[in-house]
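Step one of this worksheet: look at the structure below.
Chain identifiers are assigned alphabetically (A, B, ...) following the order of the sequence lines, protein sequences preceding nucleic acid strands; residue numbering begins at 1 within each chain. Bear in mind that the values here come from a model prediction, so they are computed numbers and not experimental data. Keep in mind that the numbers below use all heavy atoms, side chains included, and drop hydrogens, waters and symmetry copies.
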Amino acid sequence: MSELSDLYQEVILEHNKNPRNFREIEDADQYADGKNPLCGDALRVYLKMDGEVVGDVAFKGSGCAISKASASMMTQAVKGKTKAEAEAIFGEFHAMVTGELDAETQENDLGKLKIFAGVLEFPARVKCASLSWHTLNAALKGEDVVSTE
Amino acid sequence: MEAVKQMTNWDVEKIRKDFPVLSQTVNGQPLVYLDNGASSQVPQSVIDRTSKYLAEEHSNIHRGVHYLSQHATTAYEAAREKVKRFINAPDVKECIFVRGTTEGVNLVAFSYGRKFIGEGDEILVSQMEHHSNIIPWQMIAEEKGATIRVIPMNERGELIIDEYENMLNERTKMVAVTHVSNSLGTVNPVKEMIATAHKFGVPVCVDAAQSVPHFPVDVQDLDCDFFIFSGHKMFGPTGSGVMYGKRKWLDQMPPYQTGGGMIRTVSFEKTTFAPIPDKFEAGTPAIAAGIGLGAAIDYINAIDFEAAAAYEHELLEYATERLGDIPEVKIIGTAAEKASVLSFTIEGIHPHDIGTILDQQGIAIRAGHHCAQPVMEFYDVPATARASFAFYNTKEEVDKLADAVQKVIEVFA
Ligand SMILES: Cc1ncc(COP(=O)(O)O)c(C=O)c1O
């Protein structure tokens, strides 16, 4: 069960139970819907921009623990960042969960998000971890639907 | 072990030795394979027969005058004969080899549909169908301006037969129904449903993907018009499958795919087609897979299949009891007649998380919508976790499943 505890760490279980920024933003500038048709995960990411800065970001929806915790931590990671910074973190996160970036040895700004490096051992779950990020990216770009398929 | 011996007279340890896959460890634990509904495992005899074909007999069929081709043709046609006896088809020519259930349903929907379905006609499908017994009918309905009507089910996951009977009328051109539901395990009363449909002159297409691995079947007793199943769910190889159809329909139906091997004469003005089964078997088929399917049937014939079914049923009941005893677990699909499948959810825990955590303990189950989204919608769940049993599973494995489910609940507590 050692690998398992790598994936379902306390932090992830806690975010799954008490997701941060799990709400709608009524006056959002932008929102995007992310869907994983394979498992039925579906979430909506809301964005409120303050000029170039992510003033507020939140999400609603249903999914597994990995996708929910990832969405929760995503909102914490990008709130207050500029659009460019948020996109950069998305890029690093994506590289990490697809094995292109080794978050332990290569320089990055992922901080707490490094915990999701564990999904690499679970290929079936990579999409769960990255769904909210792809959805955020779509919202930042002004697109309204993404699907992991 | 004592406990197992008390069950139906079935030597499961001996049977397990026939299936090499089962003796491995996964994530450091002995494999507990409970995803038989997706694909069952393959006995050594099927592996050996398929290898022998590839090593000693491989060649194209039905066309060579040479030794190997004749050998391959004989082996392939012998497999068809085994299929005929396995389902008790009246005529071997009514047994069409296909790639699997999906291809079989597409064949029937498009070929029968092009000939017999027209504008304003109705096709009945049930609420619990696998997508592969919905979408082909939707496609042909759209093409022809026909309508799909859904045979409803109750909370337990049983079709509501009274409503079904009221839905049949002179516009009904097909009833497409699953023998056993892959997401709920319900065994549908297809024999009665067929008799009712026939009163209206309506043919019935039975999706038998989940029934043939679990109990003996007889297409003449059922009197079904079409009966379709996949080899890989009944201890055979992927790429094998059968579409049985009554000759009275098959003779009238146009080819589904066209090309080599299915013609009588071809000129640029006109092609005439070969009689069944060739008419529906264009191109070079999956020969090794078909021969492997024949070997899987030999295997089923060699064991006591009735005893296997009884044993498996006790296993399902035991699993239902063990999981049912866990307060957080909700069993989805509680029909009076069930086979093999135990679908469940755990309040507050997504089935994918259940699947991953069980996998870490060597237990293979399926988590998802099981290609039955209308069923998920009916129960208002995004997905379920599904354990599906075969006659080589054991009571100890059920215990491991129940313990592991308990562990999942603890991890998320
Ligand atoms: C009831 C049922 N019908 C059809 C299918 C499709 O079978 P195949 O994927 O072998 O074509 C399945 C397999 O998942 C099934 O369980």
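In this structure, Glu143(B) places its CD atom where more than 12 heavy-atom neighbours from other residues, nucleotides or ligands lie under 6.0 Å away. Surrounding CZ of Phe378(B) are more than 12 heavy atoms belonging to other residues, nucleotides or ligands, all under 6.0 Å away. Enclosure of atom CD in Glu347(B) is not indicated, since only 12 or fewer non-hydrogen atoms of other residues, nucleotides or ligands lie within 6.0 angstrom. More than 12 heavy-atom neighbours from other residues, nucleotides or ligands sit within 6.0 angstrom of CZ on Arg16(B). Remark: Glu377(B) CD is loosely packed, at most 12 non-hydrogen atoms of other residues, nucleotides or ligands lying under 6.0 Å away.
Here the side chains of Tyr8(A) and Gln360(B) are not in contact, with every heavy-atom distance at 4.5 Å or above.
In this structure, no portion of Lys68(A) lies under 4.5 Å from any heavy atom of chain B. Leu13(A) touches chain B through its side chain: at least one heavy atom from C-beta onward sits under 4.5 Å away, while N, CA, C and O do not.
Asp353(B) places no side-chain N or O within donor-acceptor distance of the main-chain N or O of Cys64(A), the cut-off being under 3.5 Å.
Side-chain atoms of His352(B) and Asp41(A) form no donor-acceptor pair, as typed in the model, at a separation below 3.5 Å.
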